[in-house]
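Report on the structure given below.
The basis for the numbers below is simple: all heavy atoms, side chains too, and nothing from hydrogens, waters or symmetry mates.
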Amino acid sequence: MYFYPTDRKKYSVVVVSLLSLAPYCPADVAGQYGAASTDAIQAQAVTVTATRTEAEIADVPAAIEVVDRQEIEEAAQNSVADALKYSAGVYMYDDMMRTTPSIRGFEGKHTLILKDGRRYAGPQGKFNDMARFTTESVERIEIVRGPQSTLYGSEAMGGVINIISRSPQETSFTTNGRYGAYSHGDDYYSASFTATFADPSRNDWLGRMGLIFSAQTTQQDMLKVEADGTMLPDNDTVNLDTTLHIKLTDSLSSKIGGTYSENDLGSQIEKSTGSPPTYYLTSSEDEYKSYDIHASLDFKQDAMSGMIRAYYSQYNNDYVARYLEDVGSHSDGDILAGSSSVDEGVRETTTLEAQFSNLFMDLAGDHLVTMGGEIRKEEYESLRVSNDPCGTVNKEDFTGQLGCYEGNTYAMFLQDEWQPAESLLLVPGVRYDHYDQFGDEVSPKFGLTWKALDNLRVKVNYGHSFRAPGVGELYKDSYSKGGRDHIVGDPDLKPETGDGYDLGIEGEIGKFSGRASYFMNQIDDLIDTEYMGVEPSGAYLYEFTNISEAEISGLELSASYAFTNDLLLDANYQYIHAVDTSGDDDSRLAGKPRHLANASLVYLYTPWQLRTSVKAHYVADYGYEVGQGSAITFENDNSFTMSLRVDKDLGKMVTVYAGVDDLFDKYRTYRGANEENGTMEQPGSFYYVGLKFTY
């Protein structure tokens, strides 16, 4: 059940791409693209994420990291958000009780989240909550840093995170139970079950089929703050995931599957400011469900490969907030009319996509040409948007008007992986997207990998990227915080665009492997809320608008060293310089840590089959805004946490484990000047124990 630490190096994990439903390039073809020496440390692992074709990680120009299955299991809880916490260049932060990733200083809305290459419907099209993706059915998580719109379209400005599901290899069953508790109160429970059915040794039709099914449920009690409010909501989840794999012929295969997710969140925030109080929120409930069904047909023969895939994703949200006091002359105990303290919303995404690849040899070198396209339809309705009235909702003594939105996207792309010499790989590409509302967007890219030595590579990248405005940014019209803030959208928003550059060097020497890279992104038409003044009711008015240009640049360092076969050290560091360049002073952008560092030390004591991991997470000079309206100031903050986990095999079928997250109990109610203006942060130590059966 255990493996040696040297088997899990970041450059050695096999990853799967957006089109992970089948391999797209034969192994002998992938081997032609500058394969590193077999003497290098695991440098010949394969990736199909950054180019949508099979290629060795050593060859691909993009910066790639993979969180493998063992690292996922070491996460203190069961969500993908926890598993990503220690990844290079990824900063996990909370936005409105949702955990979202920032890659290279970009916001969560600039990171494209995929599940087996499929887009998932999310709230108002702005971002996906990574905590909604549980880990029991996940084999690995692929992270591609840098602009990727040439292959993936909108949202992929900072990078792409692709969550790859496990596939059936043999018949097996796994159960996993976990209990945890926070040092400052309340409990956490989780249970999961995974069943795999496959028997490739059979010669009949059952031998050509495989099925994997997983179910996971969690319950997290509300974590109460000692003074006011809460830090973490109670969160009950149920997740189901199943996929049927069918090998139709030697060259043709298919997958059919679906997922279901249900999350119920509740919080109590009791606070008041001023005299009389500005607002006094007693409770909120946020319930959402999501569905996903998908089917694909994949083809691979000799140097040709292709796929066609269709999928549908739906996200449902039901939200209620109850206030004791509101801004202005509203009566105590009322929900402010028009405040959207009640919300019901549905978002649906329907997609059809196809891809074809072929290898052309001896044309001034070898060319692996890939082309494809997609058609995507987005539909959305919510009480919090004002576009196209389509019904009313009566709930909690509140009557509201539903707004609806529908949009279509068409895209096609072309990429050439050109190897003019054994030590050189060039990857140009271009994508065309058409949006009903925003018009056309063309996204070119160019990547280069130069194999300077057998175990030393230089990589250069340029990519144009964009993000289409979210539905909420276009049509939002809602109040929050008991009516204190009024936020409205702008239907005339332009897409955000960016140009990104990346220069990196990486290699392996003996037991050491590492990478260093410099990146710079220039962004136009950033979308943000702009303070517009105070309304007659006393509410602060904010409007979404294209207000700024920005530059985000930085340095990334990562390294791995195997002291022995049983002891491995992984470390990474990122420096971010993010400024608003639309003015004369290049003011710093908020919500981005200037320094981000992680380290992991893994030790396996083979005689006892005892495995220990220690992880550290450091954030320094995190900039955030404090205040409201025109009285906003800029502050900085730092944080440091460590986690410890121990696993012990009890025979071949049973594993017992225990650990603690935030070892030194860095409990802090709010990051900010006070609870009114700050962001809920750091709940303190989390202790857990678990038992896993595999049979």
Tell me, please, which residues at least two apart from F519 pass ring pair (Phe, Tyr, Trp, His ring centres under 6.0 Å).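 Testing F519 for ring pair (Phe, Tyr, Trp, His ring centres under 6.0 Å), a comparison that skips the adjacent residues, returns none.
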Give a yes or no answer on whether the side chain of [X] reaches the backbone of [Y] with a donor-acceptor pair at less than 3.5 Å.
{"X": "K85", "Y": "M92", "value": "no"}
{"X": "Q415", "Y": "T51", "value": "yes"}
{"X": "R145", "Y": "R104", "value": "no"}
{"X": "E65", "Y": "A88", "value": "yes"}
{"X": "Q437", "Y": "P491", "value": "yes"}
{"X": "S154", "Y": "A468", "value": "yes"}
{"X": "N461", "Y": "P61", "value": "yes"}

How close do [X] and [Y] get, counting heavy atoms only, and between which atoms?
{"X": "V60", "Y": "T449", "value": "C-OG1, 3.6 Å"}
{"X": "L589", "Y": "A550", "value": "CD1-CB, 3.8 Å"}
{"X": "G108", "Y": "T100", "value": "CA-OG1, 3.3 Å"}
{"X": "D477", "Y": "S386", "value": "CB-CB, 4.1 Å"}

Is there a side-chain contact between [X] and [Y], using heavy atoms and a 4.5 Å cut-off?
{"X": "V385", "Y": "Y405", "answer": "no"}
{"X": "T135", "Y": "V80", "answer": "yes"}
{"X": "H595", "Y": "Y573", "answer": "yes"}
{"X": "L526", "Y": "E107", "answer": "no"}
{"X": "P495", "Y": "Y435", "answer": "no"}
{"X": "F413", "Y": "S443", "answer": "no"}
{"X": "D621", "Y": "R588", "answer": "yes"}
{"X": "D570", "Y": "Y86", "answer": "no"}

Got a second to check how far [X]'s [atom1] is from [Y]'s [atom2], nearest 0.5 Å?
{"X": "L456", "Y": "W450", "atom1": "CG", "atom2": "CH2", "result": "8.0 Å"}
{"X": "E549", "Y": "D524", "atom1": "CD", "atom2": "CG", "result": "4.5 Å"}
{"X": "K459", "Y": "I64", "atom1": "NZ", "atom2": "CD1", "result": "6.5 Å"}

Would you mind telling me which of R119, R467, K109 makes a salt bridge (charged side-chain N to carboxylate O under 4.0 Å, His left out) with E155?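 Filter result, single survivor: R119.
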Check for me whether the distance between the ring centres of Y288 and Y315 falls short of 6.0 Å. yes
Using the ring centroid of each side chain, check whether Y475 and Y380 are separated by less than 6.0 Å.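 Centroid distance Y475-Y380: not below 6.0 Å, so no.
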Under the side chain to side chain donor-acceptor pair (under 3.5 Å) test, which residues partner N521, sequence neighbours left out? none
Residue list, side-chain contact (heavy atoms from CB on, under 4.5 Å) with [X], at least two apart or on another chain:
{"X": "Y432", "value": "M412, H434, D440, V442"}
{"X": "E378", "value": "R347, T349, R376"}
{"X": "D499", "value": "Y462, H464, Y501"}
{"X": "N546", "value": "L493, K494, D525, I527"}

Does a donor on one side chain sit under 3.5 Å from an acceptor on the other, for S600 and K615?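 Indeed, the side chains of S600 and K615 share at least one donor-acceptor pair under 3.5 Å.
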Between E508 and R457, is there a side-chain N and carboxylate O pair less than 4.0 Å apart?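 Here E508 pairs with R457 in a salt bridge, since their nearest N and O are under 4.0 Å apart.
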